[in-house]
**Q** 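One structure follows; several queries about it will come next.
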Amino acid sequence: MGMFTMKPIEEYDVIELINNGRFEGDLYGYILSDGGDLFGYTLFKIEDNTTTLLDSKTPGPMYLDGIIRASIAYGEARGAEYFAFNLDHEPFADYKRIFFDEHPNHMKTSVIFSGCKHE
């Protein structure tokens with residue numbers, strides 16, 4: 001893999017193609033690409049003040065954290081103050097268990113973005 005790019009999906013037909021009828025409502029997404037080659041994505045929705053991560057595909061766990069954070073930041077920039085995971089999706093269930101096991105599955109965005117404190 002060369003230089004990869006992570007960016008929001010701007011074409012709704014691409015979201016519909018990735019979704020393939022699995023999730024309902026207004027959906028958003030992020031893609032991971034290497035040049036013109038798509039190699040990862042997230043699908044999520046933003047509603048009720050919450051970004052809910054629904055599905056993902058990444059070539060390995062090292063990409064998952066970045067695309068999760070980008071998706072949550074996207075929702076936060078559009079007014080969402082909380083985030084949650086579709087825990088039926090194994091990568092998200094594992095991620096939540098590893099990083100947020102002590103939290104309910106509806107967390108303030110500050111939980112994921114407040115890890116560092118500067119003095």
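Source: prediction; values computed, not measured.
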**Q** State, yes or no, whether a side-chain contact exists between T52 and F83 at a heavy-atom distance under 4.5 Å.
**A**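 Contact flag for T52/F83 side chains = no.
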**Q** For F85 versus M107, what's the shortest heavy-atom pair and its separation?
**A**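 Looking at all heavy atoms of both residues, the shortest contact is CE1-CE, 3.9 Å.
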**Q** Which pair of non-hydrogen atoms, one from L32 and one from P59, has the smallest distance, and what is that distance?
**A**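 What the structure gives for the nearest pair is CD1-CD, 4.5 Å.
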**Q** Are the ring centres of Y63 and F39 closer than 6.0 Å?
**A**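 Ring centroids of Y63 and F39 are less than 6.0 Å from each other.
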**Q** Would L87 and Y82 show up in the same hydrophobic cluster when neighbours are defined by side-chain heavy atoms closer than 4.5 Å?
**A**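 The answer is no; the residues belong to distinct hydrophobic clusters.
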**Q** Just wondering, do L54 and H89 contact through their side chains at under 4.5 Å, heavy atoms?
**A**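 With C-beta onward as the side chain, the pair stays apart.
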**Q** Which pair of heavy atoms, one from T51 and one from F44, lies closest together, and at what distance?
**A**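 Residues T51 and F44, closest heavy atoms: CG2-CD1, 3.7 Å.
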**Q** Residues in salt bridge (Lys or Arg N to Asp or Glu O under 4.0 Å) with R78, at least two apart?
**A**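 Counting only residues at least two positions away or on another chain, R78 forms no salt bridge (Lys or Arg N to Asp or Glu O under 4.0 Å).
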**Q** Are I67 and M62 connected in the hydrophobic side-chain network, where two residues link if heavy atoms are under 4.5 Å apart?
**A**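 In one cluster with I67: M62, yes.
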**Q** Excluding sequence neighbours, so at least two apart, what forms ring pair (Phe, Tyr, Trp, His ring centres under 6.0 Å) with F99?
**A**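 So F99 forms a ring pair (Phe, Tyr, Trp, His ring centres under 6.0 Å) with Y95.
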**Q** Checking side-chain contact (heavy atoms from CB on, under 4.5 Å) for the pair Y28/L43: CA distance, chi angles, key distance, verdict?
**A** CA-CA 6 Å; Y28 303 88; L43 286 178; over 6 Å; no
**Q** Go through the side-chain N and O atoms of T42 and S56 and say whether any donor and acceptor fall under 3.5 Å apart.
**A**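 There is no such pair between these side chains.
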**Q** Just do the side-chain contact (heavy atoms from CB on, under 4.5 Å) check on M6 and I31 with the steps written out, would you?
**A** CA-CA 6 Å; M6 184 172 17; I31 57 168; over 6 Å; no
**Q** Rounded to the nearest 0.5 Å, how far does CD1 of I15 lie from OH of Y41?
**A**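 Reported value, rounded in 0.5 Å steps: 12.0 Å.
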**Q** What closest approach, in Å, do T109 and A80 show between heavy atoms, and which atom pair accounts for it?
**A**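 For T109 versus A80, the nearest heavy atoms are CG2-O, 3.9 Å.
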**Q** Taking I98 as the starting point, is it possible to reach F92 by hopping between hydrophobic residues whose side chains are less than 4.5 Å apart?
**A**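 F92 clusters together with I98.
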**Q** Going by salt bridge (charged side-chain N to carboxylate O under 4.0 Å, His left out), name the pairs with one or both residues in residues 98-110, residues two or more places apart or in two chains.
**A**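 Found E81-K108.
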**Q** How long is the gap from CG on L53 to CG on N86, to the nearest 0.5 Å?
**A**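 One gets 9.0 Å once the value is rounded to the nearest 0.5 Å.
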**Q** Could you state the interatomic distance from CG (L27) to CG (N19), rounded to the nearest 0.5 Å?
**A**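 Spacing of CG (L27) from CG (N19) equals 5.0 Å.
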**Q** Donor-acceptor pair, K45 side chain versus T50 backbone, under 3.5 Å?
**A**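 Here the side-chain-to-backbone pair does not exist.
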**Q** The criterion is salt bridge (Lys or Arg N to Asp or Glu O under 4.0 Å); which residues satisfy it with K57, sequence neighbours excluded?
**A**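 Counting only residues at least two positions away or on another chain, K57 forms no salt bridge (Lys or Arg N to Asp or Glu O under 4.0 Å).
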**Q** If a pair satisfies salt bridge (charged side-chain N to carboxylate O under 4.0 Å, His left out) and one of its residues is in residues 7-27, list it, with sequence neighbours excluded.
**A**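 Of all non-adjacent pairs touching residues 7-27, those that pass salt bridge (charged side-chain N to carboxylate O under 4.0 Å, His left out) are R22-D55.
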**Q** Which residues pass the side chain to side chain contact (heavy atoms under 4.5 Å, CB included) test with P8, not counting sequence neighbours?
**A**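 Here the qualifying residues are Y30, Y74.
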